[in-house]
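Only one structure is covered here, and it is reproduced in the block below.
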Amino acid sequence: MPFAARVSQEIKKPHLQIRGESSLSGEIKVSGAKNSALVLMAAALLTDESLILNNVPELTDIDGMSAILQFMGVKLSRSQSSLQLNANQIQHVEPPYDLVHGLRASFFCIGPLLGRLGKAKIPLPGGCRIGARPVAEHIKGLKALGAVVSVEHGVVSASVPGLSRKLKGASVVLDCPSVGATETLIMASVLAHGTSTIENAAQEPEVQDLANLLNEMGAKVVGAGGPTITVEGVEKLYGCNYSVIPDRIEAATFLLAAAITRSIITVKPIVPEHLNAVLQKLRDCGCELRYENNSITIFPGDIKGVDITTQPFPGFPTDLQAPFMALLATAQGTSVVTEKIYENRMQHVAELERMGACIRLQGNTAVIEGVPQLSAAPIFGTDLRAAAAMVLAGLAAKGTSQLEGLKHLDRGYENFEKKLNLAGANILRHQN
Ligand code: UD1
């Protein structure tokens, strides 16, 4: 029996069978941003009125956040991509560890709970495969706003002393521009007494999306998208109808799928300013990009190696490090990729090597000598973005690859293989 057939017989876990040497064409539609949607859902805790979020992707992470909010008492219903949330009655402010575990964004509920009710108890979500994921900056900021915070037995307990149970505006300078800490502190301060400033704030588009939603709800948040954010506390927030921004990481993953298969495709909707650092690297690699309204068409040329260092926004995003490395594994010449955000986000290197990639890893720096062709193998997606990277590698490789680790992929990419198949890929999902 040929090796590939034997391997596919032996695999019992859910996996994707990815046919290599694929060619893609046409247009791929981008879903709403996972990282925005998760935090916007938490913002529903800030009002007793209904919040309708449109363009919410169907993902297991969104299901996880829904379950946490429902546990707290939030009424939630979905109609296609719209999610209606009503936090009229919050019954529990302490979600259990088994719901919170594995969904880091669940911790972001601490800000709105403290802001609205003056108390919250959230289990620490813990680290994950890519790194430790501390929340010290969140806690430091909440303390500055007047909360009493303690961490015991893996649970963060926070409460606001005094009769009014209201947080008080304060100035916070973050040690590092943490996305989650910035979002937590914005949500904590929108209902506080007085004015807060967050300096060295994260500038990611998802932070801007949160500020835009909160302002629609009646908040006064100024400066999101820049390093200093000012929040003037208001008495009350209201319901509204709001659309989540397109997922910049998903959009770029599809552009990279085109580049690695040397195919011409159009990706939309896309906000190019959310992806400037990545689009520049694609051009440096030899890709031509044509912009039209809210779409980008990519024309890959001969792909050349480039150097990449991950940085907070507007720098190159860590979430695209692995997918871009898959492309560089097939580029002409040498590339150097340095991961600066997470201490353990190089696990895809070993998987790419199994497909014939030539990569030397020194700490968090990978030196990649491009090879003319990857070869199919049984592979594993070690985390969400690594799994996407391995799908891309599988599309380009010679032969048919089997990818396990789909629980990671399904956390963050809506209908990933379906979208790629509509563009000409041949990816089959096997449940066992
Ligand atoms: C968010 C994204 C995630 C992305 C990351 C960085 C969501 C749901 N997730 O995660 O996909 O990879 O931004 O762009 O939006 N740090 C500290 N102390 C803290 C908090 C963070 O040192 O208190 C450090 C982390 O260890 C890491 C860096 O700051 O090195 C970035 O983390 P952060 O921006 O907080 O990431 P998340 O908000 O968890």
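Each ligand, and each atom within it, is numbered from 1 in the order the structure gives.
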Salt bridge or not for Asp410 and Arg429, using N-O below 4.0 Å? yes
Heavy atom of the protein closest to atom 36 (O) of ligand 1 (residue, atom name, distance): Tyr342 OH, 3.6 Å
Note the single closest protein heavy atom to atom 39 (O) of ligand 1, along with its residue, its atom name and the distance in Å. Arg104 NE, 2.4 Å
Please state whether Ala181 comes within less than 4.0 angstrom of ligand 1, counting heavy atoms only. no
Logged contact type for Phe313 with ligand 1, heavy-atom cut-off 4.0 Å, is neither
Arg129 side chain to Thr382 backbone, donor-acceptor under 3.5 Å: yes
Evaluate whether atom NZ of Lys75 has more than 12 neighbouring non-hydrogen atoms of other residues, nucleotides or ligands under 6.0 angstrom away. yes
Which atoms of ligand 1 sit under 4.0 Å from any heavy atom of Glu137? 18 (N), 19 (C), 23 (O)
Distance only, no hydrogens: is a donor on one side chain within 3.5 Å (strictly under) of an acceptor on the other, for Ser295 and Thr266? no
Give a yes/no on ligand 1: does Ala136 have at least one heavy atom closer than 4.0 angstrom to it? yes
For atom 20 (C) of ligand 1, what's the nearest protein heavy atom and its distance? Pro134 O, 3.2 Å
Ligand-side contact atoms (ligand 1) for residue partner Gly180, heavy atom cut-off under 4.0 Å: 35 (O), 38 (O)
Any donor-acceptor pair under 3.5 Å from Arg262 side chain to Pro300 backbone: no
What orientation do His15 and His430 show, parallel under 30°, tilted 30 to 60°, or perpendicular over 60°? parallel
Taking only residues two or more places apart in sequence or in another chain, which ones pass ring-ring contact (aromatic ring centres under 6.0 Å, His included) with His193? none
Looking at Lys340, is its backbone amide N or carbonyl O close enough to the side chain of Thr310 to form a donor-acceptor pair, meaning the two atoms are under 3.5 Å apart? yes
With heavy atoms only and a cut-off of under 4.0 Å, state how Arg133 meets ligand 1: side chain, backbone, both or neither. side chain
Does some non-hydrogen atom of Cys176 fall short of 4.0 Å from ligand 1? yes
Residues Ser50 and Asn86: side-chain donor-acceptor under 3.5 angstrom: yes
Which segment of Val179 sits under 4.0 Å of ligand 1 when only heavy atoms are counted: both
Looking at ligand 1, would Glu206 count as a contact under a 4.0 Å heavy-atom criterion? no
Is it the side chain (CB and beyond), the backbone, both or neither of Ile341 that lies under 4.0 Å from ligand 1, heavy atoms counted? both
closest protein heavy atom to atom 8 (C) of ligand 1 is Asn35 OD1, 3.4 Å
